[in-house]
Number of protein chains: 2
Amino acid sequence: MRPTVHDIAAAAGVSLATVDRVLNQRPGVRLVTREKVETAIREIGYIRDVAAANLAKGRIYPLVFIVPTGDNSFMHGLRSEVHHATIRASIERTDIRIAEVPPFDVPALVAALDAFQGQDIAGVALVATDAPEVRAAVGRLVAERIPVVTLVSDLTDSARHHYAGIDNIAAGRTAARLLGRFLGDRKGEITVLAGSMLVRDHRERLQGFSAVMAEEFPKLRLLPVLEGRDDPELAGSLVSRALSESRDIVGIYNLGAGNRGLIAALKAVRPERELTVVVHELTQHTRAALVDGTIDAVLNQDAGHEVRSAIRVMKATADGQAVIADQERIRLDIFLKDNLP
Amino acid sequence: MRPTVHDIAAAAGVSLATVDRVLNQRPGVRLVTREKVETAIREIGYIRDVAAANLAKGRIYPLVFIVPTGDNSFMHGLRSEVHHATIRASIERTDIRIAEVPPFDVPALVAALDAFQGQDIAGVALVATDAPEVRAAVGRLVAERIPVVTLVSDLTDSARHHYAGIDNIAAGRTAARLLGRFLGDRKGEITVLAGSMLVRDHRERLQGFSAVMAEEFPKLRLLPVLEGRDDPELAGSLVSRALSESRDIVGIYNLGAGNRGLIAALKAVRPERELTVVVHELTQHTRAALVDGTIDAVLNQDAGHEVRSAIRVMKATADGQAVIADQERIRLDIFLKDNLP
DNA sequence: AAATTTTTGATTTACGTACATCAGAAATGG
DNA sequence: CCATTTCTGATGTACGTAAATCAAAAATTT
């Protein structure tokens with residue numbers, strides 16, 4: 001049987017109340033007594049029964065998710081995952097609120113963050129737009145001892161406690177290698193479509209992609225990046241224009257959202273143009289395009305995992321507990337048409 | 001605040017004891033009363049607090065993992081993950097025992113399974129060798145209402161409650177596409193190395209691999225499968241021999257274990273022979289080979305996830321609770337040198 | 001050594017559920 | 001309508017921890 005607080009009390013020769021004071025760092029225990037208890041805890045290998053503790057505390061965690069609006073499938077899926085979490089909220093002792101802000105809108109994001117200053121909040125998760133103002137707003141929350149977690153896209157040099165998302169440099173590198181290897185001996189131009197260079201995830205993907213392309217696939221030349229603002233319409237028209245302007249394009253990498261528009265543009269030039277295409281985010285559109293051969297590979301981050309991980313981290317941070325870094329690592333999923341879930 | 005048993009009692013106009021009888025399907029409740037309570041449960045949306053329930057029950061789950069011996073890294077890793085689970089055992093209210101059996105040894109596996117007949121066991125997880133005798137032994141356990149979960153490799157047409165592992169047909173198909181696309185316009189022979197056709201995971205990987213190769217890459221010809229019994233030494237010598245016998249081999253797929261031997265054989269013929277290589281299981285050896293370019297892609301199943309999933313499923317099954325299929329789906333990881341964890 | 005402050009002990013209630021007991025009520029049989 | 005069986009209520013204890021209260025003991029100050 002695993003040891004309980006009673007066993008510590010007995011082992012340390014003190015009362016239950018004193019053990020409680022030590023365990024919950026309450027005042028009124030002499031240093032020598034505290035050390036006696038801590039030794040006993042270590043020696044008999046006591047581990048707090050978190051379930052029982054939470055039951056006794058009756059604690060609930062008010063959490064906030066700040067996510068961008070926008071009608072691309074990924075953000076839609078992310079919002080839906082957060083929503084799912086609110087449904088499980090009562091059983092996880094959380095109380096989750098969702099705040100929506102326009103995408104790539106720094107003042108709006110700052111306003112949303114500042115709204116939670118001084119509030120009774122156990123944690124804030126946000127999809128960060130990488131700007132100094134946002135960094136400062138996050139700093140203000142952290143200064144108030146509110147746990148802050150960035151979701152999907154990180155915030156450079158900020159005080160945020162944790163980042164729940166994939167390694168975007170690695171993602172970009174992987175995309176480059178897939179595209180380069182799939183193209184084999186072919187030479188030509190590669191078009192990269194991004195949402196905005198204002199967000200760090202997109203910048204990092206491009207960085208990783210460019211690095212591997214330059215190092216390992218010199219026969220492929222990168223065209224200037226197209227910024228589609230994660231908007232399907234805009235993305236589609238940008239790609240259509242690029243394809244009509246150059247006949248040498250052999251590959252496309254979409255590191256942002258807006259795949260719906262991209263896919264439509266691709267279908268418009270098929271089958272005359274032979275293109276190898278790698279995109280991010282598995283949605284109903286990219287899935288169908290993967291199956292029908294319009295797209296060759298999809299890189300994906302599991303929004304559900306990211307949301308659940310963010311919640312775990314915020315709760316742990318609020319309780320001053322350590323997070324198991326390995327368990328919270330978000331993996332990059334690679335989907336070909338054969339391993340779709 | 002989420003509703004409790006007290007709220008049900010009040011809502012249904014019955015006593016706490018009656019609610020308890022209904023919730024835990026104890027006898028002594030008239031049909032009409034039972035229905036009254038069940039309606040109240042549904043209407044106020046009561047969800048049992050599992051933490052509190054487990055606390056009250058003081059229940060522990062005695063679980064058994066039957067894993068193959070053998071000194072390949074994957075099984076080593078699997079055993080180590082089970083061992084890790086035994087360390088977390090006390091906090092998860094489990095009591096995990098590990099039984100080791102020789103690999104591909106049907107009688108030994110059957111004996112191990114039968115040893116748990118009539119024992120007080122909350123669940124058995126096994127790496128299945130796909131044979132009728134094993135199927136029968138699993139049937140006997142299931143008949144005793146002991147939850148049985150297959151791990152890594154499944155058991156055809158058996159009564160096992162759940163399979164905690166990847167979709168091996170999809171894995172084989174994915175390997176074929178990666179190999180085929182990486183080879184581009186090259187033509188030649190492909191060597192497939194397996195552990196044993198006695199285990200279903202290997203058979204399925206081969207099946208998926210062969211299908212995609214035949215459908216989509218007719219320029220690549222499959223050589224007869226080499227059976228390396230997941231033994232590094234044997235695998236290495238088989239591959240060395242194959243490579244010396246044919247100069248037309250352009251690709252290798254190792255769908256089993258024993259990568260250490262394969263890698264040694266590959267290094268022996270490098271850089272004269274240009275080979276594209278896809279293997280299974282990320283280990284220290286395959287990781288190094290991926291980084292130095294000896295291997296082009298590694299397909300992986302996360303043994304830790306599999307073990308943890310198996311535990312969750314056995315506990316849920318023992319309690320007669322439903323498992324969330326989506327959450328227990330084990331993903332196929334694809335690693336290139338750029339996205340190593 | 002007395003007065004004061006600090007530390008410790010003993011005890012109780014609570015969290016939400018499980019489980020057992022016993023008495024009393026309701027339904028059923030004859 | 002009474003006897004019997006079946007159902008229901010009331011109540012208490014337990015799980016391991018948190019948190020509060022009050023009294024008693026020990027340490028510290030004067």
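First the proteins, then the strands, lettered A, B, ... as listed; each starts at 1.
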Would you say B:R48 and B:N24 are linked by a side-chain donor-acceptor pair, where the criterion is simply a distance under 3.5 Å?
yes
Between B:S309 and B:E328, is any side-chain donor less than 3.5 angstrom from a side-chain acceptor?
yes
For atom [atom1] of [X] and atom [atom2] of [N], their distance in whole Å:
X     : N      : atom1 : atom2 : result
A:I8  : C:dG9  : CD1   : P     : 14 Å
B:R34 : D:dG9  : CZ    : P     : 13 Å
B:R59 : D:dG16 : CZ    : C1'   : 19 Å

Would you indicate, yes or no, if C:dG9 has its OP1 or OP2 atom less than 4.0 angstrom from a side-chain nitrogen or oxygen of A:T18?
yes
Could you encode protein contacts along nucleotides 14-21 of chain C as a string, one character per nucleotide from 5' to 3', using B for base contact, S for sugar-phosphate-only contact and - for no contact, with a heavy-atom cut-off of under 4.0 Å?
-BBBSB-B
Identify each atom pair where a protein N or O and an N or O of nucleotides 25-30 of chain D are less than 3.5 Å apart, giving names and distance.
none

Between B:T4 (side chain only) and B:H6 (backbone N and O only), is there a donor and an acceptor less than 3.5 Å apart?
yes
For B:Y61, does the six-membered ring have the charged nitrogen or CZ of B:R59 within the cation-pi criterion, i.e. under 6.0 angstrom from the centroid and within 45° of the normal?
yes
Between NZ of B:K36 and CD1 of B:I41, what distance do you get to the nearest 0.5 Å?
13.0 Å
Heavy-atom closest pair, residues A:R79 and A:T69
NH1-CA, 3.5 Å
Is there a side-chain contact (heavy atoms from CB on, under 4.5 Å) between A:R2 and A:D49? Walk through the geometry before answering.
CA-CA 10 Å; A:R2 67 189 273 202; A:D49 184 328; 4.1 Å; yes
Is there side-chain contact between A:V134 and A:V110, with at least one heavy-atom pair below 4.5 Å?
yes
